[in-house]
Amino acid sequence: MTIHETLAAAAHGGKAVERQSIYVYEAPVRIWHWVNAVLILTLALTGYFIGSPLPSVPGEASANFLMGYIRFIHFAAGQVLAVFLILRVYWAFVGNIHARQIFHVPFWSGRFWKEWLHEVRCYTFLARQPKKYVGHNPLAQFTMFLMVTLPLFFMVITGFALYSEGAGRDSWEYALFGWVFSIWPNSQDTHTVHHLGMWVILVFVMVHIYVAIREDIMSRQSIISSMISGERLFKDRED
Amino acid sequence: MAAAETLYDVIRRQGITRRSFTKFCSLTAASLGFGPGAATAMAEALETKERVPVIWMHGLECTCCSESFIRSAHPLVKDVVLSMISLDYDDTIMAAAGHQAEAILKETKEKYKGKYILAVEGNAPLNEDGMFCIDGGKPFVEKLKWMAEDAMAIIAWGACASWGCVQAAKPNPTQATPIDKVILDKPIIKVPGCPPIAEVMTGVVTFITTFGKLPELDRQGRPKMFYSQRIHDKCYRRAHFDAGQFVEEWDDEGARKGYCLYKMGCKGPTTYNACSTVRWNGGVSFPIQSGHGCIGCSEDGFWDNGSFYDRLTNLHRFGVEANADKVGMTAAGIVGGAIAAHAAVTAFKRVTTKREKADAS
């Protein structure tokens, strides 16, 4: 990682402000984040309307293709999401250490769980000062792994399995993902778990946005702007 | 039991002369481009090849499979039963009864070891050592295992034999168990449906007797030729689905216009069967054509998957009855409330801490 320490004299203040910024999120990670945000929103919306369709449209069937378009957008967005997920996994291998963080939880590390507990205590107002982390804090890493990384893979796998139903038994989708129907032989159940997966991700999105805004205001480091510039800015020099 | 009848015997019985038979053999051999010896070989094969013996047993079931089977139009069930297979045992429709009937089982098992087809309608309850289904004085499960030992293959008729069906519905007090969970060492063809379509049943039998092998099966053990597409894929109302035109409630304008029954809980999009192509009663109609959604009777667990009229499946977990969207929205609501409360506490804390700091300095 590169550390730029800049002792910048504020142009109008005159008083020297000490600032430390670290390059955390590399471009591919940032692009993935924002592409994902758009895709997840699209997929959740279209997916919801596939499960609970809009009111019937008037006219002849041959003049309308509403459900077809909704499903097309859903499938297209799903395939793009899958491609970006593959690229993101690739980047976890070749990118910096922070690119790997959401793909694992150091389950056997006692220190991790101690710091995890500290974060939980901070969020429940039991502990005062949260620790500073260059990347995600242990609680964030844990939540992202559990509620983003795993569900995304789950949604891609079940999504392709469901898509293979229409694509046919000779399709590559069925060859690759047909095993899902060995777990849920009735695809009605596969639909149900695919729905639940959406809600897991949506609940995460709510918490994620709230915590990102809150931390940006409360903590001593930048959060939101970091996902745009990639730089983590620390606002003071205490540990 | 009668001496084994060959296909030649059947042909003769149907009034075809020996002369016509040999003409048929030489013509077929010539048209297929075989050498001069082929006609004789073909005739010999037909003269010696015995009809495939079939044993049809009934476990815990309602006989709807048999009812469906006897209505097959293509091929006619009489041709299947009287000409194509040798239906040696079927306790529902056979003339023999009692010990006489049961003796046939033993005879077939010995005489056609590894050659007969065991067709099972219904399943075996395993609880209380199988006492919930007694057949010929013994638990059905014992009879099933005994006859399965020497069978070439097993056909599991219907949703009962394939998946368990209503007698296996939660909490399944008799522990009704599908055939593939009881017999583990034999090839099993699942022909699900409640009942399966008559032509699908006779089609499977015809395939086995004609080619002497089992049809290609899918991942769930169903014949690919009938179960590789969903009702939805070949539904004649599919155009209305893609257009976004749905029956919103029974007897509304959409119902009269024949719109898609998706919102009325049609299980066509998740059901693998041939109803929308083969149809029922000799191709007359099928449920969706008569205005009612598919109930998914050929799918595993259809009896436990909630209402036939819900699009989204009800989840019966933790004693709550709600579909995935209701569960999700509730979770989102709780989390939303928690976020609001957390934000309020955060703001309050911030203000008080600042005041403390201000007081201290």
Side-chain angles (χ1 to χ4, degrees), chain A residues 48-71 123-125 128 162 165-166 168-170 174 178-179 181-182 184-207 209-211 213-214 217-218, chain B residues 163 218-220 224 227-230 232-233 237-248 252-254 257 259-260 262-263 267 269-272 296 299-302 305-306 311-315 323-325 327-332 334-336 338-340 342-343 345-346 349-350 353:
Chain A
Y48 183 81
F49 285 129
I50 290 170
S52 310
L54 293 160
S56 295
V57 293
E60 287 299 318
S62 54
N64 292 290
F65 199 61
L66 181 63
M67 197 69 175
Y69 288 129
I70 290 175
R71 291 173 73 243
Y123 278 108
T124 46
F125 309 105
R128 203 154 246 196
L162 291 172
E165 298 202 285
R169 289 287 150 101
D170 303 321
Y174 187 74
W179 53 268
F181 299 115
S182 300
W184 295 287
N186 186 345
S187 78
Q188 203 184 332
D189 299 326
T190 316
H191 279 90
T192 305
V193 293
H194 195 69
H195 258 263
L196 287 174
M198 170 187 83
W199 285 106
V200 169
I201 294 176
L202 285 189
V203 165
F204 170 80
V205 167
M206 290 169 65
V207 175
I209 293 172
Y210 167 66
V211 171
I213 294 171
R214 181 180 186 270
I217 300 167
M218 303 281 294
Chain B
W163 310 120
D218 72 358
R219 211 179 283 267
Q220 270 86 36
K224 274 187 178 172
Y227 293 92
S228 60
Q229 278 196 314
R230 299 168 297 171
H232 190 58
D233 294 319
R237 297 193 184 200
R238 179 59 189 264
H240 291 296
F241 171 82
D242 288 332
Q245 297 176 319
F246 304 99
V247 177
E248 307 280 347
D252 70 355
E253 186 66 18
K257 284 183 176 165
Y259 283 177
C260 175
Y262 190 76
K263 284 188 181 175
K267 303 291 183 291
T270 55
T271 304
Y272 289 82
E299 285 297 316
D300 187 20
F302 81 91
N305 267 348
R311 168 95 284 278
L312 303 166
T313 314
N314 259 335
L315 304 163
N323 64 41
D325 280 354
V327 170
M329 277 177 199
T330 312
I334 293 169
V335 170
I339 287 173
H342 197 271
V345 175
T346 306
K349 278 263 180 186
R350 200 173 156 89
T353 327

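Every heavy atom of this structure was used, including side-chain atoms; hydrogens, water molecules and symmetry mates were not. Chain letters run A, B, ... following the sequence lines, proteins first and then strands; every chain starts at 1.
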Task: Polar side-chain atom of B:Gln245 near backbone of A:Asn64 as donor-acceptor pair, under 3.5 Å - done: no
Task: Options A:Pro53, A:Gly51, A:Ser187, ranked by heavy-atom pairs under 4.5 Å with chain B, top entry - done: A:Pro53
TODO: To the nearest 0.5 Å, tell me how far A:Glu60 CD sits from B:His240 NE2.
DONE: 7.5 Å
Task: Between A:Thr190, A:Val193, A:Ile217, A:Thr124, the one whose heavy-atom pairs under 4.5 Å with chain B are most numerous - done: A:Ile217
- [ ] Starting at NE2 of A:His191, measure out to CG of B:Leu312 and round the result to the nearest 0.5 Å.
- [x] 10.0 Å
Task: Under 4.5 Å from any heavy atom of chain B - which part of A:Met218 - done: both
Task: chain B contacts, top residue of A:Phe65, A:Phe181, A:Trp179 (heavy-atom pairs, under 4.5 Å) - done: A:Phe65
- [ ] Quick one: which of B:Ala331, B:Gly336, B:Ala324 has the most heavy-atom pairs under 4.5 Å with chain A, could you say?
- [x] B:Ala324
Open item on the list: If you compare all heavy atoms of B:Ala243 against all heavy atoms of A:Ala61, which two are closest, and at what distance to 0.1 Å?
Closed with: CB-O, 3.6 Å
- [ ] Using non-hydrogen atoms and a 4.5 Å limit, figure out which bit of A:Leu202 sits close to chain B: side chain, backbone, both or neither.
- [x] neither
- [ ] Kindly give the heavy-atom pair with the smallest separation between A:Trp199 and B:Ala332, and that separation in Å.
- [x] CZ3-CB, 4.1 Å
TODO: Tell me whether the guanidinium CZ or amine NZ of A:Arg169 lies under 6.0 angstrom from the six-membered ring centre of B:Tyr227 and within 45° of its axis.
DONE: no
Open item on the list: Could you tell me if the side chain of A:His195 sits less than 4.5 Å from the side chain of B:Val327, heavy atoms only?
Closed with: no
TODO: Give, as side chain, backbone, both or neither, the part of A:Ile50 having an atom under 4.5 angstrom from any heavy atom of chain B.
DONE: both
Open item on the list: Side chains of B:Glu299 and A:Gln188, heavy atoms from C-beta outward: is any pair under 4.5 Å?
Closed with: no
- [ ] Kindly assign one of parallel, tilted or perpendicular to the pair B:His342 and A:Tyr123, based on the angle between their ring planes and the thresholds 30° and 60°.
- [x] tilted
- [ ] Would you mind reporting whether A:Asp189 and B:Asn305 have side-chain heavy atoms less than 4.5 Å apart?
- [x] yes
Task: B:Arg219 charged N/C atom sitting above A:Tyr174 aromatic ring, 6.0 Å / 45° - done: yes
Task: Closest-packed option against chain A by number of heavy-atom pairs under 4.5 Å, given B:Arg350, B:Arg311, B:Gln229 - done: B:Arg350
Task: Under 3.5 Å: donor-acceptor pair, side chain of A:Tyr210, backbone of B:Ala343 - done: yes
Open item on the list: Using heavy-atom distances under 4.5 Å, tell me whether B:Lys267 contacts chain A through its side chain, its backbone, both, or neither.
Closed with: side chain
Task: Heavy-atom proximity to chain A below 4.5 Å, by part of B:Arg237 - done: neither
- [ ] Measure B:Ile339 against the heavy atoms of chain A and call it side chain, backbone, both or neither at under 4.5 Å.
- [x] both
Open item on the list: Measuring from atom CZ of A:Arg71 to atom CG of B:Asp242, what distance do you get when rounded to the nearest 0.5 angstrom?
Closed with: 6.0 Å
Open item on the list: For chain A, which candidate among B:Lys263, B:Lys349, B:Gln220, B:Lys224 shows the most heavy-atom pairs at distances under 4.5 Å?
Closed with: B:Lys263
Open item on the list: Check this for me: A:Tyr69, atom OH, are more than 12 non-hydrogen atoms of other residues, nucleotides or ligands nearer than 6.0 Å?
Closed with: no
Open item on the list: Can you tell me how far apart CG (B:Asn323) and CG (A:Leu196) are? Round to the nearest 0.5 Å.
Closed with: 9.0 Å
Open item on the list: Heavy-atom pairs under 4.5 Å with chain A: which of B:Thr313, B:Asp218, B:Thr346, B:Asp233 has the most?
Closed with: B:Thr346
Task: Residue part contacting chain A, namely of B:Asp325, when any heavy atom lies under 4.5 Å - done: both
- [ ] Sort A:Trp184 into side chain, backbone, both or neither according to what part of it lies under 4.5 angstrom from a heavy atom of chain B.
- [x] neither
TODO: Measure A:Ser52 against the heavy atoms of chain B and call it side chain, backbone, both or neither at under 4.5 Å.
DONE: side chain
Open item on the list: I want to check something: taking the side chain as every heavy atom from C-beta on, are A:Asn186 and B:Trp163 in contact at a cut-off of under 4.5 Å?
Closed with: no
Open item on the list: With a 3.5 Å distance limit and no angle check, can you tell me whether B:Glu248 reaches the backbone of A:Ser56 through a side-chain donor-acceptor pair?
Closed with: yes
